[in-house]
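A short worksheet on the structure shown next.
No hydrogens, no waters, no symmetry mates; every other heavy atom, side chains included, goes into these values. Residue numbers start at 1 and run along the sequence shown.
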Amino acid sequence: METYYSLCYLAALAMLIAYINSRVGSVQSTITITAASIVLSLIMILLGETGVLKSFPQLIASINAINFQNLLLHGMLGFLLFAGGLGINLKHLASQGVEIAVLALFSTLLSSFLVAGLLWYLLPYIGLPLDFIYCLLFGALISPTDPIAVLAIVKKMHAPQQIAIQVEGESLFNDGFGLVMFVSVFGIAFSHEALSVPAISWLFLQEAGGGIIYGFVLGLVANYLIKHTDDDSLELLVSLAIPTAGFVFAEQLGVSGALAMVVAGIYIGNITREQHFTQASKQSFDHLWHVLEEFLNNLLFLMIGLVLISFVFHLEDLWLMLLAIPLVLLSRLVSVALPYLGFSLFKKYNPMSLPILTWGGLRGGLALAMAMSVPAGVMVLPEKNIDVREMILVMTYAVVVFSILVQGASIVPLINKSKSYEP
């Protein structure tokens, strides 16, 4: 019950910050909420360290009790990805299908190995050598762009259609592939059973392929139920059953619930909504999912900032932060630029596509949740109590915060410039 109370208070705080921002600021609300929560976290840490805030240990316990990774990966994620899928235009998605597939698969894989290789080579120079398998684990969780962060910040800025659908489509689909890669590398790194290539291939087919098929079936079932009712409230309830029971059942089947929600959302948003909703029910449906998406996004970005309270930092972590941010950006640039060299041979693109895809490749709560699932105790510097989990968590947090606060806030000029190239 205390966890529920904590979430209620955090939700109210997120709404308060969003409200103040809407009245006095012009910055996107998720950026403001993240910045405000980080500042609040730093103030509370300072007060706790100086002994002014006597309840600081209880505050840390309350934050930890929420279990950020479980709340996101097994709760909020289904709602946010389903809502994201609802806003995708299927015709536009099909027109960019090849680009999205290559970016979601090839670019994510290439970026993961680039991050891992550069990290493995450079870390010994700052006195924190890390086995390649752990470097690859970080590469796997940080390379996929986060659909929640991307959709919350980029899609509201009305980028040109070609760029927008690539950014949104890639972010919605590459997290499934990235999650499968993370699970595979995680198994190699922390289990006693080595995963073979056939085992990894089967895992990908089961998770990704199974998730896509299951999401399509889920969309068909929901479509049938909505088609045979004229009750607007019941239509909304059926849509709510998809990211709740539908998402949970995907986990029971062993398929990707994330991809299932994206596919089901695209199906409901493009077929069911257009064929079986009245104009009034369309407005109710859109309003419900817009409010839910805003509410969960605000809560999520607040928690991203407040997670900082529960971290344990060492001086060496500062070097990890300074190293991780440019390294991830460089890997993102290379992994996107190479496919674009091939794309450009067959199709003309907006000159700002590559800069926007690189700089707009935001990371958010998903990467942080995966990093927090890494077990503690695998020591790198035992004399300073620095383990693999701390290193991966610190680097992930630095990249996530930088992408939201710096990249998210500065992407507007790039998008505005891209509009000048539109006919």
Side-chain angles (χ1 to χ4, degrees), residues 84-85 87-115 117 139-140 143-147 149-151 153-155 157-178 180-181 201 204-205 208-209 211-213 215-216 256 258-259 262-263 265-267 269-271 328-363 407 411-423:
I88 295 292
N89 185 297
L90 190 58
K91 291 181 180 179
H92 296 166
L93 183 69
S95 69
Q96 301 289 314
V98 173
E99 291 89 338
I100 291 171
V102 172
L103 289 170
L105 296 174
F106 173 77
S107 295
T108 302
L109 184 65
L110 177 59
S111 176
S112 299
F113 278 94
L114 281 175
V115 169
S143 291
T145 54
D146 190 320
V150 170
L151 295 175
I153 295 175
V154 174
K155 83 172 184 178
M157 298 178 183
H158 307 293
Q161 177 184 305
Q162 186 187 66
I163 296 175
I165 199 64
Q166 287 180 9
V167 172
E168 295 169 19
E170 180 208 5
S171 67
L172 281 168
F173 283 99
N174 72 1
D175 68 301
F177 177 69
V180 171
M181 184 175 180
S201 301
F204 176 77
L205 287 174
I212 291 171
I213 294 171
F216 181 71
S256 173
L259 286 174
V262 173
V263 172
I266 292 173
Y267 188 98
N270 287 269
I271 297 175
V328 170
L329 280 173
L330 175 62
S331 299
R332 172 68 178 174
L333 173 62
V334 173
S335 65
V336 173
L338 288 179
Y340 254 86
L341 288 175
F343 295 159
S344 300
L345 297 176
F346 305 97
K347 191 185 293 186
K348 185 177 180 181
Y349 295 93
N350 189 304
M352 297 303 296
S353 295
L354 180 57
I356 290 175
L357 278 167
T358 302
W359 197 246
L362 307 180
R363 277 75 175 182
Q407 293 173 239
I411 193 71
V412 177
L414 296 179
I415 293 178
N416 289 336
K417 187 175 181 180
S418 70
K419 295 175 184 178
S420 65
Y421 293 102
E422 289 294 289

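Nearest approach of Val262 to Leu172, heavy atoms of both residues: CG2-O, 3.6 Å. Heavy-atom minimum distance, Ile100 versus Glu170: CG2-N, 3.8 Å. Annotation for Leu110 and Val334: closest pair CD2-O, 4.4 Å, computed over non-hydrogen atoms. The shortest non-hydrogen separation linking Ile266 to Leu90 is CG2-CD1, 3.6 Å. Smallest separation of non-hydrogen atoms from Arg363 and Ser143: NH2-O, 3.2 Å. For the residue pair Pro355 and Leu414, the shortest heavy atom distance occurs at O-CD1, 4.1 Å.
Looking only at side-chain heavy atoms (C-beta outward), Ile165 and Ile88 come within less than 4.5 Å of each other. Counting heavy atoms from C-beta on, the side chains of Asn174 and Thr145 come closer than 4.5 Å. The side-chain heavy atoms of Leu109 and Phe113, taken from C-beta on, include a pair separated by under 4.5 Å. No side-chain heavy atom of Gln96 sits less than 4.5 Å from a side-chain heavy atom of Glu168. Using a 4.5 Å cut-off on side-chain heavy atoms (C-beta onward), Met181 and Thr108 make no contact. With a 4.5 Å cut-off on side-chain heavy atoms, Tyr340 and Leu357 count as touching.
Of the N and O atoms on the side chains of Glu99 and Tyr349, at least one donor lies less than 3.5 Å from an acceptor on the other residue.
Taking a 6.0 Å sphere around NZ of Lys91, one finds it holds 12 or fewer heavy atoms contributed by other residues, nucleotides or ligands.
Taken to the nearest 0.5 Å, the CG atom of Leu330 stands 10.0 Å off from the OG1 atom of Thr358. Separating the CG atom in Asn270 from the CG atom in Leu93 is a distance of 8.5 Å, to the nearest 0.5 Å.
Residues forming a side-chain contact (heavy atoms from CB on, under 4.5 Å) with Ser331 (at least two apart in sequence, or on another chain): Ser111, Leu114, Val115, Leu118, Leu327. Every residue meeting the side-chain contact (heavy atoms from CB on, under 4.5 Å) condition with Pro339, not counting sequence neighbours, appears here in chain and number order: Val102, Phe106, Ser107, Phe343.
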